[in-house]
Novice: 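Below is the structure I would like to discuss, written out as structure tokens.
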Amino acid sequence: MEELRPLIPVLEAYKADALLVQQFKEEVANVTELLGSLQEQMGGLDYQELHSRVMTLEDRLKACMQRLACGKLTGISEPITIKSSGSRFGSWMTDPLAPTGDNRVWYMDGYHNNRFVREYQSVYDFMSTDNFTSHRLPHPWSGTGQVVYNGSIYYNKFQSHTIIKFDLSTSLISRSRQLDFAGYNNMYHYSWGGHSDIDLMVDEGGLWAVYATNQNAGNIVLSQLNPNTLQIIRSWTTNHPKRSAGEAFMICGTLYVTNGYSGGTKVHYAYSTNSSTYEYIDIPLTNKYSHLSMLDYNPRERALYAWNNGHQVLYNVTLYHIIQ
């Protein structure tokens, strides 16, 4: 509830429907009062009913936030630890294009020599149980730059610059393609290593690949990919060394890069594909468990998913919005 309440003034500031915001305010107050009673009585209320009300309220708030257009990153919240599991490195995600009601979580432990993807039915199941379905990929993955998008998982085949699109409903490869000139096998990894040469990600504009080439002197190359054919739609070359980047993510067509993966971490570089320009910025990122090995944006949730030293973590983001 503490994470939800700050969204109310944000909605008011952007002149959302006044009656709708007032209803949100009243419901937030009611649920907060119930939570207070629960703390005092410890069991006097039906937890499942209360959990359902909080989840419904969160969904309604997020739906209202979607009325806002794309924006520029201005802040990142304190981390919310969802679960502590797995090894030091890995990735986890939800599908931003999943149909309504499909809240499955996808979980991939490790950065190489593994080909088993866990499927949990919801974030709640992921948090509270260890019941999952396992999917076996035809080839092991490389790094932690996988992404689930519109029912398929996209990943970098181990020890290659091949990108694979694997349909999770049919358990078949629907497309594979080499990412020409991209470094692989720890040639141009993120600063933490881990075969993180090729990082796939999504934002409001679609599917992206972040990598480096000899032709660009080991600096980051950013390519927008056709999610059906995996062909490059357009590429941008940046001046940021790939090996000096801790992690990176896309929001609204802008690539954001962190200055490291351990200790004091911040987002310090932004490259806009809309203007083909870059700038140095200073947005703190609380690195609670001291080792980031995955950081990806989910445009439906408007949140960053992170794998931090065996902990699965979420961050809310603050965007400077332009009203549609």
Side-chain angles (χ1 to χ4, degrees), residues 66 69-70 91-108 115 117-119 135-158 160-184 195-213 220-238 247-256 271-274 276 294-305 317:
Q66 292 302 318
C70 263
S91 62
W92 72 294
M93 65 217 80
T94 58
D95 186 345
L97 292 186
T100 302
D102 183 349
N103 300 307
R104 288 178 293 175
V105 172
W106 306 93
Y107 175 99
M108 303 171 72
R115 60 176 69 186
V117 182
R118 293 183 184 181
E119 171 194 336
H135 299 261
R136 186 178 188 273
L137 300 176
H139 306 284
W141 66 76
S142 185
T144 58
Q146 307 85 13
V147 64
V148 174
Y149 189 61
N150 200 22
S152 294
I153 184 166
Y154 297 79
Y155 71 98
N156 175 211
K157 180 182 175 182
F158 185 55
S160 77
H161 56 184
T162 299
I163 297 173
I164 292 177
K165 177 185 179 183
F166 180 79
D167 190 317
L168 289 162
S169 62
T170 64
S171 296
L172 296 172
I173 294 177
S174 54
R175 186 72 64 178
S176 66
R177 185 179 295 275
Q178 290 187 347
L179 193 58
D180 291 340
F181 307 112
Y184 64 94
H195 295 267
S196 55
D197 304 77
I198 298 174
D199 192 3
L200 301 173
M201 52 191 72
V202 296
D203 72 350
E204 292 80 359
L207 178 66
W208 302 84
V210 170
Y211 55 100
T213 64
I220 289 176
V221 177
L222 174 62
S223 294
Q224 187 171 20
L225 305 180
N226 182 310
N228 297 317
T229 66
L230 299 181
Q231 289 180 314
I232 293 177
I233 299 172
R234 184 180 173 186
S235 292
W236 292 259
T237 56
T238 78
E247 272 292 336
F249 55 91
M250 291 289 297
I251 297 180
C252 297
T254 295
L255 176 71
Y256 295 95
Y271 185 92
S272 170
T273 60
N274 297 317
S276 298
M294 170 256 179
L295 188 63
D296 271 339
Y297 174 68
N298 185 305
R300 182 174 70 174
E301 303 292 335
R302 294 277 176 98
L304 293 172
Y305 282 62
V317 298

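In this chain, residues are counted from 1 in sequence order. Side chains are part of it too, since the values below use all heavy atoms of this structure and drop only hydrogens, waters and symmetry mates.
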Novice: Between Arg115 and Pro140, which heavy-atom pair has the shortest distance, and what is it?
Specialist: NH2-CD, 3.2 Å
Novice: Do Thr273 and Thr254 come close enough that some side-chain heavy atom pair is under 4.5 Å?
Specialist: no
Novice: Treating Asn274 as the side-chain partner and Gly253 as the backbone partner, does any N or O pair qualify as donor plus acceptor under 3.5 Å?
Specialist: no
Novice: Is a side-chain N or O of Ser223 found less than 3.5 angstrom from the main chain of Ala209, in a donor-acceptor match?
Specialist: no
Novice: Nearest 0.5 Å please: distance from the OG atom of Ser160 over to the NE2 atom of His139.
Specialist: 9.0 Å
Novice: So do Tyr107 and Ser91 actually touch side chain to side chain, heavy atoms under 4.5 Å?
Specialist: no
Novice: Working to the nearest 0.5 angstrom, can you tell me the gap between Tyr154 OH and Leu200 CG?
Specialist: 10.0 Å
Novice: Using every non-hydrogen atom in the two residues, find where Met294 and Trp92 come nearest and quote the distance to one decimal.
Specialist: CE-O, 3.0 Å
Novice: Just how far is it from atom NZ of Lys157 to atom CG of Leu137, taken to the nearest 0.5 Å?
Specialist: 12.5 Å
Novice: Pair Val148, Ile153 - check side-chain contact (heavy atoms from CB on, under 4.5 Å), show working.
Specialist: CA-CA 4 Å; Val148 174; Ile153 184 166; 4.1 Å; yes
Novice: Whether the side chain of Arg300 engages the backbone of Ala98 through a donor-acceptor N/O pair (distance < 3.5 Å, no angle test) should be reported.
Specialist: yes
Novice: Report the C-alpha separation of Met93 and Val202 in whole Å, then their side-chain angles, then the decisive distance to 0.1 Å, and conclude whether the side-chain contact (heavy atoms from CB on, under 4.5 Å) test is met.
Specialist: CA-CA 11 Å; Met93 65 217 80; Val202 296; over 6 Å; no
Novice: Please determine whether side-chain contact (heavy atoms from CB on, under 4.5 Å) holds for the pair Arg118 and Trp106, giving the CA-CA distance in whole Å, both sets of side-chain angles, and the decisive distance to 0.1 Å.
Specialist: CA-CA 6 Å; Arg118 293 183 184 181; Trp106 306 93; over 6 Å; no
Novice: Is the backbone N or O of Leu172 less than 3.5 Å from a side-chain atom of Asp167, with the two atoms forming a donor-acceptor pair by type?
Specialist: no
Novice: Checking His161 side chain against Leu179 main chain: does a donor-acceptor pair fall under 3.5 Å?
Specialist: yes
Novice: Would Thr144 and Met108 satisfy side-chain contact (heavy atoms from CB on, under 4.5 Å), going step by step from the backbone distance to the final call?
Specialist: CA-CA 8 Å; Thr144 58; Met108 303 171 72; over 6 Å; no
Novice: How about Thr162 and Tyr184: does a side-chain donor come under 3.5 Å of a side-chain acceptor?
Specialist: no
Novice: Nearest 0.5 Å, please: how far is OH in Tyr211 from CD1 in Ile220?
Specialist: 11.5 Å
Novice: Quick check against the 3.5 Å criterion: does Asp95 have a side-chain atom that pairs as donor or acceptor with the backbone of Gly151?
Specialist: yes
Novice: Roughly how far, to the nearest 0.5 Å, is CG of Leu222 from OG of Ser235?
Specialist: 7.5 Å
Novice: Tell me if a side-chain donor or acceptor on Asp296 pairs with a main-chain N or O of Asn298 at a distance below 3.5 Å.
Specialist: no
Novice: Within a strict 4.5 Å, meaning less than it, do heavy atoms of the Glu204 and Tyr297 side chains meet?
Specialist: yes
Novice: Nearest heavy-atom pair of Phe181 and Thr213: which atoms, and what distance?
Specialist: O-CG2, 3.3 Å
Novice: At their closest point, which heavy atom of Trp236 faces which heavy atom of Trp208, and how far apart are they?
Specialist: CZ3-CZ3, 3.6 Å
Novice: Taking the side chain as everything from C-beta on, heavy atoms only, tell me whether Asn156 gets closer than 4.5 Å to His195.
Specialist: no
Novice: Which atom pair, heavy atoms only, marks the closest approach of Phe166 to Tyr155?
Specialist: CB-CE2, 4.4 Å
Novice: Any luck finding a side-chain donor-acceptor pair between Asp197 and Ser142 under 3.5 Å?
Specialist: no
Novice: Roughly how far, to the nearest 0.5 Å, is the CG atom of Leu230 from the CG atom of Leu225?
Specialist: 6.5 Å
Novice: Strictly distance-based, threshold 3.5 Å: is any side-chain N or O of Gln224 a donor or acceptor partner for the main-chain N or O of Gly205?
Specialist: yes
Novice: Between the main-chain N or O of Gly143 and the side-chain N or O of Gln146, is there a donor-acceptor pair closer than 3.5 Å?
Specialist: yes
Novice: Where is the tightest heavy-atom contact between Arg177 and Thr229, given as atom of each residue plus distance?
Specialist: NE-O, 3.0 Å
